[in-house]
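Throughout, protein chains are lettered first and strands after them, A, B, ... in sequence-line order, and every chain is numbered starting at 1.
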2 protein chains.
Amino acid sequence: MNELRTIRAKSGTNQEGTSAHNRRVIIEAIRLNGPLSRADLARATRLTKQTISNLVEGLEADGLVASEEVVRGGRGQPSTPYRLVPEGAFALGVQIDRHLTRLVAVDLMGQEVARAVANLPPGGPVEGCKLILRLIETMRADLTRRIPESAHRLAGLGLAMPGPFGLAPSDDETWMMAEWQAFPLVETLAAGTGLATSLQNDATACAAAERMNGSADGLDHAVCIYFGYGIGAGLILGGELYTGSNRNAGEIGMVLFSRGGAPSPLEHRSSLASLFQHLGLDSATTEAYAEVERRTLADDPRILDWLAGAAADMRQAVHMVETIFDPQTVILSGSAPEPLAKRLFDAMFPLIPSNADRPGRTLPRLQLGMIGPWAVALGAAAEPIRRAFDPRFSAILKTAS
Amino acid sequence: MNELRTIRAKSGTNQEGTSAHNRRVIIEAIRLNGPLSRADLARATRLTKQTISNLVEGLEADGLVASEEVVRGGRGQPSTPYRLVPEGAFALGVQIDRHLTRLVAVDLMGQEVARAVANLPPGGPVEGCKLILRLIETMRADLTRRIPESAHRLAGLGLAMPGPFGLAPSDDETWMMAEWQAFPLVETLAAGTGLATSLQNDATACAAAERMNGSADGLDHAVCIYFGYGIGAGLILGGELYTGSNRNAGEIGMVLFSRGGAPSPLEHRSSLASLFQHLGLDSATTEAYAEVERRTLADDPRILDWLAGAAADMRQAVHMVETIFDPQTVILSGSAPEPLAKRLFDAMFPLIPSNADRPGRTLPRLQLGMIGPWAVALGAAAEPIRRAFDPRFSAILKTAS
DNA sequence: TTATTAAGTCAAACTTCTTGACTTAAATGT
DNA sequence: ACATTTAAGTCAAGAAGTTTGACTTAATAA
């Protein structure tokens, strides 16, 4: 009679959840504001001084925060500010791109402490994963030598690769990573490293990087346009990264734009891939990347051509995401050569008037973010840190018994 | 020396927050699954039987849940399921449209218990608010007569009107509600009624209605396209309504679509307003609405004309929101005459292939929702219920001391 | 008739936050 | 100089809420 019935429900919470949330809130408050005293933290979090004292004591014992010099300067007992301890936690981030992979280690503050890059071997994900596991092994050994505690303080492994995920194989030439998409990447690398592993698309990783250390620091609503080999958007909505029901949210590269003729996907004209094609370069090799940088600095007229068209599409894309997401700001970020990104950014102004043109806004409608080839790997590494230390709804819920 | 320094931080939480969350989780579990026993609730929420017992006792004392007949049929002591008590809470919802206003009262289950409609007087929001306050007064008196407890169980007042909000006055003829936009509506009606009052745009309200009682029941990721005088999208992202940084998220009516010629806003061709214009009808009077319904049923060729064009745009809009939000499903809802909405829905197939065409999906990519003129008012009324009873991150946080 | 299973209760323990009084230490005012 | 004021931070007891483990109740199955 008692068939297995699935009951849809959210988890409840208990005192552990309370305390975990409060610890996270303290860490985030310090991250956002810089060093804060216990009294500051009590005011900011609305908790009592006593509670803050207890929690700070715990965080200090765990090596996540440390006191600074006593600050005098006002009436009353001088305060003791607490700062985050960068060595309190570490995380690894791996970017898997079409032809190469990048690996970084970051600390609790999101600062890079190690990096490595390698070309992906032919042989697809099986060989690729072996290589990645070797790189990780080497980096962990190196880290353990330099910072012995780091071995016990690795929060996890973040992976980032181009989306979209979970689709039926297609013949669209723009991604060519179907093999990787179908491969059990998270399971393989989790098993191979013993680390908590998660996967997101490159645009989301880029937004994570911007949130940790870039233009989206402290913002609750921002769209981070990732301009790389393809184009996508990383979404910060309501203070958290949003990835949709299947991690494919923000794939604006697949949105159909009309430009005179029939509608076609944005990334067919606004992406590094499209530029390589326009220039007749072999796609996405390191040489092509360097060549684009060189020609951009030389003001190659074919680059200027492409820029005009891409900028027109990008203006429309900005208008679209502003209209749809109502963000505080839009960030142009990505892994394009920096001079190219700057020229594209400049060519996007003036922006199309939109709902974002409101009286009294303080942030610019569009700003530049972290640009450069390491943005995605850094964002991938930021993800385990966020998971472990940022205040999130899911962090208070009881997990599977 | 101590200048007022603002510290950016989220609130902490305490045992009250824990308990409040757990009560909400119980209510939501029953709402989603139907009556559940204490043992069921313990399993579903991962709380202990004892905790559930304590909380259910409290909820029963507060008149929010009630026990049903004992259920026999398995081994062991028979279970006592608990259901929600509809009369446990009530809320009012007001839709403010261009020429009229609708008022409904709903109960804890989101069922309508009273309705009223009136034309808005000339004289703008000052006179309009007076009228609305009179309508509310009458309805509250009526409710108090019919259900005496309702007076003490009013969770609040939800308002919905067309967006976008907070923009500088424009000369775009499509909204014409600039006066209302600039008016301190929430403050006026909160003061006039003494109720907790909130405002959202009509598309968001529509999504709230779908979530409470319609096609989005229990979904965590859904886009509800509101097809009315204008067009917009209500967003359910990560289990919560998302409204952006200025309540203007989802305003897809302002997204620029190219259809052969220069890009123009979606709602210029896909909205009731555009149909009224196409038919040469005086905009948005009750007669125009009835006339459209009549002509639709008569298969008026001019309606069919318009339908073909609107459906093409809507297909593209669906493709866009699927690509950008990666939702579990897209819902077509709104306040169009039902026959028209059905024909538009049918004309949208086949949909443009998109990322949403994934192997193994269970929900349809596009489905019909609540259609009809009362959807927005019902959704407006659903908002205070949601605020008071749904599990939300912000519900666990300590509020201003 | 007995064994088994499952729902639900009881009372004590445990965790965590709160309260209010108290201590410490600096700047300010006379 | 010295008392006063202000603010940071601690102490110890209390309060709120969940957990634990033993127990009771009541049904079906053997």
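- When each of A/Leu59, A/Val65, A/Val56 is paired with A/Ile30, the side-chain contact (heavy atoms from CB on, under 4.5 Å) condition holds for A/Val65 and for no other.
- Residue A/Pro78 places its side chain closer to C/dA26 than to any other of C/dA26, C/dT18, D/dT18.
- Put simply, the side chain of A/Arg211 never gets that close to the backbone of A/Ala382: no donor and acceptor are under 3.5 Å apart.
- Each of B/Ser79 and A/Ser19 was matched to the nucleotide of DNA chain C holding its nearest heavy atom; the match closer to the 5' end belongs to B/Ser79.
- With rounding to whole Å, B/Arg72 atom CZ is found 17 Å from D/dA29 atom C1'.
- Taking 3.5 Å as the limit, the base of C/dC17 and the side chain of A/Gln50 contain no donor-acceptor pair of atoms between them.
- Atoms CG (B/Asn54) and P (D/dA15) sit 18 Å apart, rounded to a whole Å.
- Taking 4.0 angstrom as the limit, B/Asn22 places a side-chain polar atom (N or O) nearer than this to OP1 or OP2 of D/dT18.
- With respect to A/Arg24 and A/Glu28, no salt bridge is recorded, no charged nitrogen being found less than 4.0 Å from a carboxylate O.
- With C/dT18, D/dG9, C/dG8 as the choices, the nucleotide that has an atom nearest any side-chain atom of B/Ala39 turns out to be C/dG8.
- Projected onto DNA chain D by closest heavy-atom contact, A/Ser53 and A/Thr13 fall at different nucleotides, the more 5' of which corresponds to A/Ser53.
- Contact annotation: side chain of A/Gln15 to base of D/dG17, donor-acceptor pair present below 3.5 Å.
- Nucleic acid contact for B/Thr51: base, since at least one base atom lies under 4.0 Å from a heavy atom of the residue.
- C/dT18 atom C1' lies 13 Å from atom CD1 of A/Ile52, rounded to whole Å.
- In terms of phosphate contacts, A/Ser37 brings a side-chain nitrogen or oxygen within less than 4.0 Å of OP1 or OP2 of D/dG9.
- In this structure, CZ of B/Arg75 is placed 6 Å from P of C/dT5, rounded to the nearest angstrom.
- Between A/Thr80 and D/dG9 there is a side-chain N or O to OP1 or OP2 distance below 4.0 Å.
- A donor and an acceptor atom, one from each side chain of A/Asn54 and A/Thr51, are nowhere located under 3.5 Å apart.
- Contact between the side-chain N/O atoms of B/Asn14 and the OP1/OP2 oxygens of C/dT16 is not found at any separation under 4.0 Å.
- The separation between A/Lys398 atom NZ and D/dT20 atom C1' is 11 Å, rounded to whole Å.
- Atom pair B/Leu36:CG and C/dG8:C1' shows a separation of 16 Å (rounding to whole Å applied).
- With rounding to whole Å, B/Gln77 atom CD is found 8 Å from C/dA6 atom C1'.
- Contact between the side-chain N/O atoms of B/Arg38 and the OP1/OP2 oxygens of C/dA6 is not found at any separation under 4.0 Å.
- Using modelled atom types, one side-chain atom of A/Arg361 and one backbone atom of A/Gln328 make a donor-acceptor pair closer than 3.5 Å.
- A salt bridge links A/Asp62 to A/Arg23: at least one charged side-chain nitrogen sits closer than 4.0 Å to a carboxylate oxygen.
- A/Arg43 has a side-chain polar atom (N or O) that falls below the 4.0 Å cut-off from OP1 or OP2 of D/dA8.
- Remark: C1' of D/dA22 and NZ of B/Lys49 are 11 Å apart, rounded to the nearest angstrom.
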